[in-house]
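Residues: numbered from 1 along the sequence shown.
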Amino acid sequence: MWATGGNWDGQLGLGDTEKRSAFTKLSGVSDVATIATGGSHSFAIKDDGSVWAWGYNSNGQLGLGDKTQREVPTKVDGIEDLAAIAGGSSHTLAVKRDGTVYAWGSNMFGQLGNGSFADRLVPVLVDGLTDVVAVAASSYSSYALTRQGNIYAWGYNFFGQLGLGHTTNQTRPQLIGSLSDVIAISAGQAAAYAIKADGSVWSFGWNAEGQLGLGNTTDRWTPTQIAAAEHVASTLTPARVDFGTVERGADMTPQSVAFQVTTGSMNLDFAKDALGVDAGAPGLFSGYTPGTCTSGLMYDASGSCQFDLTGKINGGTGPRVGRIAIPADGTLAKAVVLTATANITGSWLKADRSVVDFGKRALNTPVDETVIFTNRGTADVSVSNVQTTGTGFSVTEENCTDTSGVLEPGASCTVSVRYAATRGGAFNGRLVLTTDAVAPLVRVPLSGVGDAPRLVRSQARFAFGTVPKGTTSDPQTLTLRNAGTQALNLTSFNLMRPGPFGIVGNTCGATLEPGADCAITLDYAPLRRALNRNRAILVTDDPSNPTLYFPLTGTGG
């Protein structure tokens, strides 16, 4: 992966905030399947379905459980098996390979789609969406495209950019009923666009600069068709190909698609590396045979050819959705939506929840959640171990490892997971079951937030080294950040005794709000040749660590 341009928030992922005028390779992420950017934040989905984030994070739009900026790619815990991602100004949307949608970051206008206005620092499930194949995000609005060709929209709607015929904000996904048979969506600052299977393009929302392409500057509250260029047009039939249920790892039965020019003429660029594949999993739907289509051949009006599509599903199970576009004369002529349902022969244990989010909880107040695991395969499965990872999570009860030891196809077992926050801020972990199934480890991400202040410090000591007597060292700065959810009270910061160490700067007031930081600066001015030691004492109301001691050392030379 390579990046260039502005980098004031570390959004290039190169470990600094220096801008680049030429593409520079990122060292922190590889095997990338797809990428996306937001206001000043960036994402990469790897081949294994994991997502990595970096850049600006003032509202938790990186999904890392805090509001700290990242200058290198950092793995987002609590969500896996991703197929697509999109970034708004300060929120993020992601599609899992099972067709569900998750969101995180700013929720000022309900753009996370969970019925509230609370920001979320970790991924949360968007209400009521299934079979989603793509998402798009404008500044404060969100969109999802389903495999059936429908668009759902939610969030900010001042300019009618949700396409619902009014300007009322929405905190949950709403169907745009006037638009169907859609194969692609995108979003601008406060406008959205859709391409239908017949090749027509539709737009709606803010239009002060004519960005809707409708020949005027009038906002549109409902999707409006953009006048098409008449010099060339083509069709792909069918617009959707369903491979049905296929065994994981097996080749799909080839399906034929017909290409035809209906207006004008075009040079068909039917080369393998020119096929645009946007699949629900890497390698899915990637196989094809050209049939009677010839790359480089000029097709006139009524000219046609036929090609076959196939592929295989190498991982996971359940619905898979992709898209393949055929370029002509350097443009995407048309696209075919591809669908399949992955099956698996043998034992396969599936959880009823993709993530367990305990939400915000008071400290030392346990809460339990139950996860149900079902054998969705065709053979018996045995569970040998059940455990949790991550601080604050534990298994309180389970019947998956009972002495009977076997779950027949269709049978279920349950696990009760307890979360007890011991400090303020985010907690992340996993519930892990070890089985003898085809996929032996079954993992369910766990997340929660301790509802209390939490102090994070940039360093634990001050070491000034050797400084000539009668001079003053370079200053050293301690940064304090409240990574919790409640205001942090800073009672005092003092030196234990007088001496050559001094506090020369302090931007910390009496209170540090959640996500805020402040700085305390010290220096060292020895008066004689000797080793000097002291301690600074910081007193706060952080319930997990109310008093911190900072050793100070320096030698007068």
Side-chain angles (χ1 to χ4, degrees), residues 36 38 79 82-89 91-117 120 123-197 200-206 220-225 239-240 278 280 319-323 335 337 339 354:
I79 188 167
L82 290 185
I85 196 163
S89 287
H91 77 290
T92 305
L93 306 171
V95 183
K96 295 190 67 172
R97 293 172 182 167
D98 63 5
T100 57
V101 178
Y102 286 75
W104 58 92
S106 173
N107 200 24
M108 181 182 299
F109 300 102
Q111 60 263 46
L112 299 190
N114 63 352
S116 75
F117 295 100
R120 297 307 298 261
V124 295
L125 182 68
V126 176
D127 289 349
L129 290 178
T130 58
D131 287 339
V132 172
V133 299
V135 286
S138 67
S139 296
Y140 309 106
S141 309
S142 303
Y143 307 86
L145 172 64
T146 70
R147 67 188 297 181
Q148 294 80 16
N150 298 318
I151 299 178
Y152 289 80
W154 63 97
Y156 190 48
N157 197 31
F158 183 82
F159 299 99
Q161 62 263 46
L162 299 187
L164 302 172
H166 56 72
T167 57
T168 303
N169 298 341
Q170 302 293 316
T171 62
R172 288 188 169 90
Q174 304 295 319
L175 174 66
I176 302 178
S178 60
L179 200 58
S180 61
D181 208 23
V182 175
I183 61 173
I185 57 172
S186 67
Q189 182 176 354
Y193 306 84
I195 300 176
K196 297 183 64 172
S200 60
V201 181
W202 300 66
S203 61
F204 44 99
W206 188 39
R220 293 294 196 277
W221 296 359
T222 57
T224 304
Q225 185 174 356
R240 283 180 170 77
D278 179 14
R320 292 291 188 268
V321 181
R323 184 176 66 93
V337 175
T339 61
S354 58

Quick test of your reading of the model: are Lys196 and Asp181 salt-bridged, counting only N-O distances below 4.0 Å?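 Looking at Lys196 and Asp181, the cut-off is not met.
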Stepwise side-chain contact (heavy atoms from CB on, under 4.5 Å) test for Val132 and Leu145: CA-CA 6 Å; Val132 172; Leu145 172 64; 5.8 Å; no
Show your working on side-chain contact (heavy atoms from CB on, under 4.5 Å) between Ser106 and Gln111 and close with a plain yes or no. CA-CA 8 Å; Ser106 173; Gln111 60 263 46; 3.6 Å; yes
Nearest 0.5 Å, what's the [atom1]-[atom2] distance between [X] and [Y]?
| X | Y | atom1 | atom2 | answer |
| --- | --- | --- | --- | --- |
| Asn169 | Met108 | CG | CE | 11.5 Å |
| Ile151 | Ser178 | CD1 | OG | 9.0 Å |
| Phe159 | Gln189 | CZ | CD | 8.0 Å |
| Ser142 | Tyr152 | OG | OH | 15.5 Å |
| Leu164 | Gln174 | CG | CD | 6.5 Å |

Please check: side-chain N/O of [X] versus main-chain N/O of [Y], any donor-acceptor pairing under 3.5 Å?
| X | Y | value |
| --- | --- | --- |
| Asn107 | Leu112 | yes |
| Thr130 | Gly128 | no |
| Gln148 | Thr146 | no |

Quick one, Val101 with Val135, criterion side-chain contact (heavy atoms from CB on, under 4.5 Å). Give me CA distance, side-chain angles, the key distance, then yes/no. CA-CA 8 Å; Val101 178; Val135 286; 4.1 Å; yes
For Ser180 and Asn150, what are the C-alpha separation, side-chain angles and deciding distance, and is it a side-chain contact (heavy atoms from CB on, under 4.5 Å)? CA-CA 5 Å; Ser180 61; Asn150 298 318; 4.2 Å; yes
Under 3.5 Å, is there a donor-acceptor pair between the Asn157 and Gln170 side chains?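 Not at all, the side chains of Asn157 and Gln170 share no donor-acceptor pair under 3.5 Å.
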Side-chain contact, heavy-atom cut-off 4.5 Å: [X] with [Y]?
| X | Y | result |
| --- | --- | --- |
| His91 | Trp104 | no |
| Ile85 | Thr92 | yes |
| Val126 | Asn114 | no |
| Phe158 | Thr167 | no |
| Trp154 | Leu129 | yes |
| Ser89 | Tyr140 | yes |
| Thr171 | Ser116 | no |
| Phe204 | Leu162 | no |

Distance-minimising heavy-atom pair for [X] and [Y]:
| X | Y | result |
| --- | --- | --- |
| Gly163 | Ile176 | O-CG2, 3.4 Å |
| Ala187 | Ser138 | CB-N, 3.7 Å |
| Ala94 | Ile79 | CB-CD1, 4.4 Å |
| Ala137 | Leu93 | CB-CD1, 4.1 Å |
| Gln161 | Ala190 | CB-O, 3.1 Å |

